[in-house]
Amino acid sequence: MKHIFITGKPKSGKTTLFKELIPYLKDGGGFYTQEVLYQDKRLGFEIITLDGRRSLLARKGLKSPFKLGSYGVNVANLDEIGVAAIEEAIENKKIIVIDEIGKMELCSERFKEVVLKALDSGKSLLGTIPKANLPFWERIKKRDDVLILELTSENRGEVFKTIKGIIDSLRR
């Protein structure tokens with residue numbers, strides 16, 4: 001299996017599990033997303049690259065032509081930081097890391113193009129993808145070279161071990 005995607009219900013711990021795998025991805029590049037909280041209230045999301053760059057992805061009340069609920073999506077930051085990190089990983093790393101291929105990220109045509117480029121690059125991709133169905137997500141999920149692991153509270157340890165084992169085998 002070349003590409004691994006973690007899926008699951010919202011708040012199932014996909015990004016948390018993803019972040020726990022990052023220390024094992026020394027030969028990986030890309031980004032993950034993280035909630036921006038203030039006094040336990042979610043204000044938005046930021047992009048964090050594996051090499052430490054950070055940028056705002058979305059924020060409540062942000063003026064943007066791209067909206068998802070009350071969040072304005074900063075597509076320019078996604079393209080400049082997230083897409084660039086994926087492109088760098090395609091060129092220089094063994095494993096491409098993308099958390100997440102979600103609705104906010106799909107506001108960027110460049111993002112969708114680079115995801116498909118990553119899938120066809122000959123490198124392995126580790127990502128998260130929503131359980132819901134949209135045509136772009138279905139296109140990814142139906143590929144023969146994609147393994148989808150659904151995360152639940154009951155199988156969390158098993159999913160972690162499976163992905164870590166695959167990561168270890170890719171380093172050999």
Item to check | Verify same cluster id: Y71, L56 (apolar side-chain graph, 4.5 Å) | outcome: no
Item to check | Intermediate values then yes/no, side chain to side chain contact (heavy atoms under 4.5 Å, CB included), L116 and F111 | outcome: CA-CA 9 Å; L116 296 176; F111 176 79; over 6 Å; no
Checklist entry - Should the pair K112-E109 be classified as a salt bridge under the 4.0 Å nitrogen-to-oxygen rule? => result yes
Checklist entry - Closest heavy-atom contact between G29 and A89? => result O-CB, 3.2 Å
Checklist entry - So do the side chains of T128 and F5 get within less than 4.5 Å of each other, counting heavy atoms only? => result no
Next on the checklist: Pair E46, I48 - check side chain to side chain contact (heavy atoms under 4.5 Å, CB included), show working.
Outcome noted: CA-CA 6 Å; E46 66 180 340; I48 304 172; 3.8 Å; yes
Checklist outcome for this item: Correct closest heavy-atom pair for L68 and K103 would be CD2-CB, 3.6 Å
Next on the checklist: Treating S64 as the side-chain partner and V73 as the backbone partner, does any N or O pair qualify as donor plus acceptor under 3.5 Å?
Outcome noted: yes
Item to check | Atom pair CZ (R110) and CD (E105), whose distance is rounded to the nearest 0.5 Å | outcome: 14.5 Å
Checklist entry - Does any non-hydrogen side-chain atom of L57 lie less than 4.5 Å from one of I81? => result no
Checklist outcome for this item: Interatomic distance, CG@L134 vs CG@L106, rounded to 0.5 Å, equals 6.5 Å
Checklist entry - With the threshold set at 4.0 Å, does a side-chain nitrogen-carboxylate oxygen contact exist between R53 and E88? => result yes
Item to check | CZ-NZ distance between R156 and K161, expressed to the nearest 0.5 angstrom | outcome: 12.5 Å
Item to check | Partner of I4 by side-chain contact (heavy atoms from CB on, under 4.5 Å), out of V159, T162, I163 | outcome: I163
Checklist outcome for this item: For A85 and G30 the tightest heavy-atom approach is CB-O, 3.7 Å
Checklist entry - Does the pair R143/D120 count as a salt bridge with the N-to-O cut at 4.0 Å? => result yes
Item to check | ILVMFWY network linking I167 to L50, side-chain heavy atoms under 4.5 angstrom | outcome: yes
Checklist entry - Hey, is K123 close enough to E91 for a salt bridge, meaning N to O under 4.0 Å? => result no
Checklist entry - Do Y32 and K19 have side chains that get closer than 4.5 Å, going by heavy atoms? => result yes
Checklist entry - What's the spacing between S124 OG and K2 NZ if we round to 0.5 Å? => result 6.5 Å
Item to check | Flag side-chain contact, heavy atom, 4.5 Å: L151 against T7 | outcome: no
Item to check | Donor-acceptor under 3.5 Å (N77 side chain, N74 main chain) | outcome: no
Item to check | E158 side-chain N/O to N155 backbone N/O, donor-acceptor pair under 3.5 Å | outcome: no
Checklist outcome for this item: Residue pairs passing the salt bridge (Lys or Arg N to Asp or Glu O under 4.0 Å) test with at least one member in residues 29-38, sequence neighbours excluded, are K11-E35, E35-R42
Item to check | 4.5 Å side-chain heavy-atom contact, F160 and L17 | outcome: yes
Next on the checklist: Which heavy atom of V75 sits nearest to which heavy atom of C107, and what is that distance?
Outcome noted: CG2-CB, 3.8 Å
Next on the checklist: Under a 3.5 Å distance rule, please check whether K14 uses its side chain to pair with a backbone N or O of K9 as donor and acceptor.
Outcome noted: yes
Checklist entry - What heavy-atom pair brings I140 and I101 nearest, and what distance separates the two atoms? => result CD1-CD1, 4.1 Å
Checklist entry - Roughly how far, to the nearest 0.5 Å, is the CD atom of E100 from the OG1 atom of T15? => result 5.5 Å
Checklist entry - Would F18 and L126 satisfy side chain to side chain contact (heavy atoms under 4.5 Å, CB included), going step by step from the backbone distance to the final call? => result CA-CA 9 Å; F18 203 85; L126 173 61; 3.8 Å; yes
Checklist entry - Do V36 and R59 have side-chain heavy atoms sitting under 4.5 Å apart? => result no
Checklist entry - Should M104 and L43 be counted in the same cluster of Ile, Leu, Val, Met, Phe, Trp and Tyr side chains packed under 4.5 Å apart? => result no
Checklist entry - At what distance, to the nearest 0.5 angstrom, does CZ of F31 lie from CG of L78? => result 5.5 Å
Item to check | Main-chain N/O of L125 paired to H3 side chain as donor or acceptor, under 3.5 Å | outcome: yes
Checklist entry - Does the K26 side chain pair with the main chain of P23, one donor and one acceptor, at a distance under 3.5 Å? => result yes
Checklist entry - Given the rule in the side chain to side chain contact (heavy atoms under 4.5 Å, CB included) test, do I166 and L147 qualify, once you have shown the distances and angles that lead to the verdict? => result CA-CA 11 Å; I166 293 169; L147 172 64; 4.1 Å; yes
Item to check | Under 3.5 Å: donor-acceptor pair, side chain of K67, backbone of L62 | outcome: yes
Item to check | Partners meeting salt bridge (charged side-chain N to carboxylate O under 4.0 Å, His left out) with K131 (sequence neighbours left out) | outcome: E150
Item to check | All side chain to side chain contact (heavy atoms under 4.5 Å, CB included) counterparts of K141, not counting sequence neighbours | outcome: I129, N133, W137, E138, I148
